[in-house]
Amino acid sequence: MKHLIPELEALKRRLPPHQDGVLVLPALRRIQEDRGFIADEDIDGLVEWLGIPRIQVEEVLSFYSMLRRAPVGAWHLQVCHNVSCSMHGAERLLAHLEERLGIACGETTADGRFTLSTVECLGACGGAPVVRVNEAYREALSVEAVDALLEELAGAAPPDTPGGWV
Amino acid sequence: MTPARVLMNFEVTATSHTLEAYRARGGYQALEKALRTLKPEDVTQMIMESGLQGRGGAAFPAGRKWQGIDPYDGQPHYLVANADEGEPGTFKDRWVLEYSPHTLLESMAIAAYSLGARHNFIYIRGEYDLPYRRLAAAVEEAYGAGLLGENILGSGFATDIFVFRGAGAYVCGEASSLLGSIEGSRAYPRNRPPRMTVSGLFGRPTVVNNVETLSTIAWIVDHGAAAFRAIGTPTSPGTRLLSVSGHVRRPGVYEVELGYAWGRFLHEDCGGIPGDRPLKAVIPGGISSQVLTGKDAKVLTADEMEGLTLDHDVLRKAGSSLGSGGMIVIAEGTCMVRLLQIMLRFYHHESCGQCTPCREGTGWMHRIIDRIVAGDGRPEDLERLYTIARANDGTTICGLGDAAGYATVAMLDNFGDEFAYFVEHKRSRHQGNIECPAS
Ligand SMILES: Cc1cc2nc3c(=O)[nH]c(=O)nc-3n(C[C@H](O)[C@H](O)[C@H](O)COP(=O)(O)O)c2cc1C
Ligand code: SF4
Ligand code: FES
């Protein structure tokens with residue numbers, strides 16, 4: 001994470017002075033964007049840079065569902081299965097994806113291309129059912145639209161970091 | 001749809017979210033007016049008189065919250081916009097963030113002036129990407145134009161806004177948990193007292209308001225408190241953004257004048273239910289609409305709902321709440337047992353684990369409902385759900401535990417026979433269906 005420090009330091013200019021704890025979560029997010037996950041050495045770097053206890057970083061890490069300690073597939077498909085999406089077929093969509101990808105929810109395909117998981121309400125219920133593909137929302141998906149999506153992703157160049165920005 | 005508009009009062013185009021477009025429709029005049037002609041306490045007084053209530057869930061009067069802070073007491077104060085928007089069914093703040101981010105920024109600058117806040121935060125939920133990018137771009141535009149930062153509009157007033165991204169935790173929408181998240185610690189909700197206006201972020205007086213609540217400030221300062229009061233009802237002034245989803249023809253975000261007739265809203269504005277199915281129930285304000293208002297978690301049945309108006313008091317008296325404005329429409333033929341199963345899975349998953357009744361209770365309820373849906377329900381299960389749900393009431397630190405309990409009690413109260421049927425026959429009366437049945 002060391003190469004990110006100058007960029008993270010710059011965030012301080014709009015923050016109250018001497019409140020560096022504020023940088024923990026932005027830093028973890030930035031590291032994950034950069035590497036695709038948060039490695040041991042990233043935690044070491046963060047602890048050293050901010051001079052905070054390691055346990056604080058570990059606690060923050062374990063609190064949030066978006067932060068991960070291991071890489072995901074190139075394409076991370078997160079199916080929203082909360083109330084409104086389920087009312088529009090999210091469960092069928094998930095079952096279809098499991099079948100098409102040959103993996104269970106929570107798993108990554110052997111070729112490392114796809115990770116499939118569920119997520120709680122994404123704040124896009126008007127476009128139910130919604131799948132978050134890496135950072136982007138795909139809304140109002142039918143089973144056919146999901147097939148088209150898989151096709152599209154199969155032909156697309158994978159993002160620089162797995163599960164990350166294209 | 002009513003004509004009164006506070007937020008959705010312009011045509012959305014590919015560029016209407018930019019500073020240029022915002023200024024062209026009169027943007028940042030309210031900030032100018034506040035900085036040039038009003039004292040900080042005048043602004044608070046104006047918000048007080050407007051009767052603006054919080055749009056995040058509890059409908060707490062914004063002016064009264066602000067009065068909890070003395071801008072002249074010499075210590076730092078903080079203002080935080082709650083853009084965590086995690087309440088299932090809710091996606092209305094996203095409308096502001098994507099289509100009119102400067103409304104929020106201008107309003108926050110005014111609020112910061114009123115509260116004496118040198119530093120402010122916008123806590124935006126981690127999954128929001130386009131809304132974040134729009135917001136971040138708007139912040140840079142505002143800094144570039146001297147509308148944020150030092151010496152704003154040459155007035156000598158200085159304030160900074162930091163956009164803070166969450167990382168996927170529903171509980172962080174709870175105001176005190178949100179502050180812990182910003183501070184970089186484990187984001188556990190905190191006991192009150194002390195109120196956050198006494199000891200909030202970094203132990204300093206802090207106001208946390210919902211995005212929509214804050215975004216209304218610029219309009220009120222522009223048009224005056226009386227103009228705001230002229231909209232809506234005497235006890236619920238103004239408009240509200242409602243995000244509508246579920247079994248409805250035209251889901252989306254709507255701005256309605258408070259007091260608007262619910263039946264008309266559903267059937268005319270939202271196009272009614274697909275296939276013209278009868279209405280079964282409505283969750284009026286996010287699945288925990290009751291979360292902060294007391295004993296009002298409730299799914300309204302069709303009969304109860306059709307005659308209502310959309311107003312904080314009316315819904316409260318009906319035993320529910322406008323909550324977060326996340327309205328979920330449920331058609332006849334939907335299995336309520338399965339819906340409750342999804343809700344309980346959610347609460348169990350999102351409980352932070354601090355309070356025993358919430359941590360254990362949501363887990364127990366989740367397991368019981370799973371068992372019922374699997375066809376292994378036991379005769380005593382419904383009574384047991386009631387007992388666990390009620391044990392959460394008022395015994396937990398934050399509203400999540402309460403919400404899980406209220407949601408459960410409301411479902412059992414309204415659809416007890418359907419739950420009993422499932423337990424007795426080991427199958428759903430509606431074949432487990434939760435999608436809108438074709439008809
Ligand atoms: C579990 C839980 C989640 C919450 N999530 C949100 C949220 O996503 N957005 C929000 O504005 N308020 C949320 N709230 C309410 C906040 O605690 C707080 O009351 C609100 O942001 C205050 O703003 P207002 O007075 O402008 O409504 C939540 C409360 C609880 C208990
Ligand atoms: S009520 Fe639940 S979510 Fe809230 S603080 Fe207690 S355990 Fe955490
Ligand atoms: S329920 Fe899926 S986005 Fe809200």
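Proteins come first, then strands; the chains are lettered A, B, ... in the order of their sequence lines, and each starts at number 1. Fair warning: this is a prediction, and the values are worked out from it, not measured in the lab.
- For the atom pair CZ of B:Phe162 and CG of A:Leu23, the computed distance is 6.5 Å after rounding to the nearest 0.5 Å.
- Between A:Val83 and B:Ile342, the shortest heavy-atom contact is N-CG2, 3.7 Å.
- Counting only distance, with no hydrogens or angles, the side chain of A:His88 and the backbone of B:Glu435 share no donor-acceptor pair below 3.5 Å.
- Taking A:Pro26, A:Ser65, A:Gly127, A:Ala136 one by one and counting their heavy-atom pairs under 4.5 Å with chain B, the maximum is reached by A:Ser65.
- Contact check on A:Glu135 versus B:Arg133 returns no salt bridge, with no Lys/Arg side-chain nitrogen under 4.0 Å from an Asp/Glu carboxylate oxygen.
- Interface residue A:Leu11: backbone and side-chain heavy atoms are both found under 4.5 Å from chain B.
- If you measure heavy-atom distances from A:Ala124 to chain B, the contacts under 4.5 Å come from both the backbone and the side chain.
- Ranked by heavy-atom pairs under 4.5 Å with chain A, the first of B:Arg338, B:Gln341, B:Arg165 is B:Arg165.
- When heavy atoms are compared at a cutoff of 4.5 Å, B:Arg250 does not approach chain A at all.
- A:Met87 approaches B:Ile328 most closely through the heavy-atom pair SD-CG2, 3.8 Å.
- The contact between B:Glu127 and chain A is made by backbone and side chain atoms together, counting heavy-atom distances below 4.5 Å.
- Residue contact with chain A, scored on non-hydrogen atoms closer than 4.5 Å, involves the side chain of B:Phe121 exclusively.
- For B:Val163, no part sits under 4.5 Å from any heavy atom of chain A, backbone or side chain.
- Contacts with chain B were tallied for A:Ala27, A:Ala90, A:Cys85, A:Ser84; A:Ser84 has the most, counting heavy-atom pairs under 4.5 Å.
- For B:Tyr128 against A:Leu122, the heavy-atom pair with the smallest separation is CE2-O, 3.3 Å.
- By the 4.0 Å N-to-carboxylate-O rule, B:Glu140 lies close enough to A:Arg14 to be salt-bridged with it.
- The backbone N or O of A:Gly123 sits less than 3.5 Å from a side-chain atom of B:Arg94, completing a donor-acceptor pair.
- No side-chain donor-acceptor contact under 3.5 Å links B:Arg186 to the backbone of A:Glu58.
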